[in-house]
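Atom set for the values below is all heavy atoms of this structure, side chains included, hydrogens, waters and symmetry mates excluded. Each residue takes its place number in the sequence, starting with 1.
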Amino acid sequence: VCAVLREESFHLRSPTEARFFRGILALLSVQTRYLVAQSVHEYTVFFERFGNPKPLTPVEVIRLKDEEERQDAFLVVKLIPKGDEVKVKDSTERVVERVLRVFRDFVVCLNDIPSPESRVQASGSKETKNLWGTHLDEQHVVQAEKLIERTVHFNMANATEAVRIYDEYTYLLSEEDRIKEFVKDSSKTIPNFLQKIASFKAVDLRIRQELPGEMRMQMVTVDCRELNETLRSHAATCTSILLEHVAQMNLERNERLCKSFDTIVTAVAKKPTNTTELVDIEQQLEQFRGSTLKDWTFGSN
């Protein structure tokens with residue numbers, strides 16, 4: 001446009017020059033504003049796709065079969081452990097702010113285009129320095145922004161409910177401390193330990209079989225993969241602590257059993273010199289058979 005204007009000879013440096021440039025300014029400004037208005041419209045239409053007031057809930061999404069259709073989504077949020085709770089990594093307010101930032105950026109992206117007058121010649125008033133821009137307080141822009149904000153808030157609230165699915169698993173996030181206290185309890189037997197180990201194996205299996213890697217809901221996909229692996233890692237750590245303690249308990253019992261056995265062997269090998277010593281040996285044997293041996297062998301089962 002500017003190249004053509006530089007070759008203009010009829011209006012430049014004539015009484016009609018100012019009016020001529022105002023006309024060119026208006027023509028180009030209408031075109032750029034139309035582009036922005038069309039973009040606002042298309043952006044709004046895109047978000048209206050996610051305006052179903054009754055989207056599938058996280059529980060309903062999990063129950064879907066592989067061949068069943070999922071709802072459209074373009075946002076991805078992650079579930080993460082935070083302390084002993086499960087949270088959405090990005091808050092609803094942060095997601096809304098990011099989406100609206102994109103919207104606002106393209107609304108004003110053509111606001112600083114220099115006018116033909118300011119590019120062809122150094123003259124030109126402040127009002128005609130740039131093409132007419134589109135402003136965030138214009139009615140159609142404000143209405144579109146409200147629709148987008150409302151839609152994102154609604155769908156993020158639905159996606160956030162995914163944390164409820166993990167309510168029965170959050171105990172794993174702080175279970176290691178409780179297991180460390182558990183192994184310190186001298187009253188616990190090996191069967192008690194094996195019961196605990198079995199429970200962690202069972203919960204690991206449930207995580208693998210029942211919890212999804214992702215939940216694709218209306219507008220938002222919830223990524224659960226890292227959280228699932230974290231929960232499994234905590235279960236595995238607790239299992240390792242228990243197994244190590246069971247192994248140590250068995251070693252200690254075996255050592256005591258060996259010492260008891262050595263003691264009774266030494267006693268039996270010693271030739272009694274009188275009836276009293278013979279009775280003592282028989283009593284030690286009976287005690288070993290009836291009490292000590294049963295205690296140690298039961299403890300190792």
Side-chain angles (χ1 to χ4, degrees), residues 38-106 140-175 200 202-235:
Q38 281 296 103
S39 298
V40 170
H41 173 71
E42 293 299 328
Y43 207 63
T44 303
V45 170
F46 174 75
F47 274 89
E48 286 176 343
R49 293 167 50 190
F50 309 104
N52 183 350
K54 294 183 178 180
L56 294 179
T57 65
V59 173
E60 291 171 333
V61 170
I62 290 176
R63 291 173 181 169
L64 290 176
K65 298 178 181 179
D66 292 341
E67 65 273 13
E68 292 184 289
E69 185 178 356
R70 266 67 174 173
Q71 294 177 297
D72 289 338
F74 73 97
L75 292 177
V76 178
V77 296
K78 286 187 175 183
L79 294 185
I80 60 171
K82 191 171 183 180
D84 57 355
E85 296 180 317
V86 171
K87 300 285 188 181
V88 178
K89 183 177 182 180
D90 294 309
S91 67
T92 297
E93 289 71 23
R94 187 176 183 184
V95 174
V96 170
E97 191 276 330
R98 287 180 175 180
V99 172
L100 290 181
R101 186 192 311 163
V102 175
F103 173 76
R104 292 164 182 162
D105 285 347
F106 77 67
H140 73 287
V141 176
V142 172
Q143 290 176 345
E145 182 172 321
K146 287 181 178 179
L147 182 144
I148 294 166
E149 183 176 5
R150 184 170 61 250
T151 303
V152 176
H153 263 291
F154 172 74
N155 286 290
M156 278 296 297
N158 182 49
T160 302
E161 288 299 309
V163 301
R164 305 299 176 200
I165 294 173
Y166 287 84
D167 285 348
E168 63 177 294
Y169 301 96
T170 53
Y171 75 93
L172 290 170
L173 298 173
S174 55
E175 186 69 0
F200 286 119
V203 76
D204 179 82
L205 182 62
R206 289 208 314 275
I207 291 172
R208 287 189 285 115
Q209 292 183 342
E210 299 177 10
L211 295 182
E214 67 174 29
M215 288 175 272
R216 199 174 90 188
M217 289 168 283
Q218 180 172 271
M219 198 181 80
V220 184
T221 295
V222 180
D223 186 347
C224 314
R225 293 180 182 87
E226 291 185 16
L227 175 61
N228 292 349
E229 289 303 315
T230 298
L231 293 173
R232 291 186 63 200
S233 175
H234 281 284

Step-by-step side-chain contact (heavy atoms from CB on, under 4.5 Å) determination, Tyr43 to Val99: CA-CA 11 Å; Tyr43 207 63; Val99 172; 3.9 Å; yes
Exercise: identify the closest heavy-atom pair between Met217 and Thr57: SD-C, 4.2 Å
Which atom of Ala162 lies closest to which atom of Val222, heavy atoms considered: CB-CG1, 4.2 Å
Inter-residue atom distance Glu145.CD - Thr44.OG1, 0.5 Å rounding: 10.5 Å
salt_bridge(Lys87, Glu85) N-O dist < 4.0 Å: yes
Residue pair Thr221 / Ala73: nearest heavy atoms and the distance that separates them: OG1-CB, 3.4 Å
Derivation of the side-chain contact (heavy atoms from CB on, under 4.5 Å) call for Asp223 and Val77: CA-CA 6 Å; Asp223 186 347; Val77 296; over 6 Å; no
Residue list, salt bridge (charged side-chain N to carboxylate O under 4.0 Å, His left out) with Asp84, at least two apart or on another chain: none
Smallest separation among heavy atoms of Lys65 and Arg70, with atom names: O-NH1, 2.7 Å
Distance in Å, Glu69 CD paired with Arg216 CZ, rounded so as to fall on 0.5 Å steps: 8.0 Å
Neighbour count >12 (heavy atoms, 6.0 Å) for atom CD, Glu93: yes
Inter-residue atom distance Glu60.CD - Glu68.CD, 0.5 Å rounding: 11.0 Å
Rounded distance (nearest 0.5 Å) linking atom CG of Leu231 with atom CG of Leu211: 7.5 Å
Donor-acceptor contact below 3.5 Å, side chain Gln218 vs main chain Asn52: yes
Sub-4.5 Å side-chain heavy-atom contact between Val86 and Ile80: no
Matching residue for Phe50 among Asp72, Val220, Leu75 - test: side chain to side chain contact (heavy atoms under 4.5 Å, CB included): Asp72
Val40/His140 under side-chain contact (heavy atoms from CB on, under 4.5 Å): CA gap, chis, key distance, verdict: CA-CA 8 Å; Val40 170; His140 73 287; 4.3 Å; yes
Non-hydrogen side-chain atoms of Arg208 and Arg232 separated by less than 4.5 Å: yes
Leu56 backbone acceptor or donor facing Asn158 side chain under 3.5 Å: yes
Arg225 bridged to Glu229 by N-O distance under 4.0 Å: no
Rounded distance (nearest 0.5 Å) linking atom CG of Leu205 with atom CD of Glu210: 8.0 Å
Let me have the donor-acceptor pairs involving side chains of residues 165-174, under 3.5 Å, with sequence neighbours excluded, atom names and distances please.
unit_1 : atom_1 : unit_2 : atom_2 : d
Tyr166 : OH     : Asn228 : OD1    : 2.7
Thr170 : OG1    : Asp167 : O      : 3.1
Ser174 : OG     : Arg178 : NH1    : 3.4
Ser174 : OG     : Arg178 : NH2    : 3.4

Heavy-atom pair with the smallest gap, counting every atom of Glu161 and Pro58: C-CG, 3.9 Å
Minimum heavy-atom distance Pro212-Cys224, with the two atoms named: O-CB, 3.4 Å
Would you tabulate the side-chain donor-acceptor contacts of residues 146-154 under 3.5 Å, counting partners in other chains and residues two or more places apart, or write 'none'?
unit_1 : atom_1 : unit_2 : atom_2 : d
Thr151 : OG1    : Leu147 : O      : 2.8

Flag if over 12 foreign heavy atoms under 6.0 Å of CZ, Arg206: yes
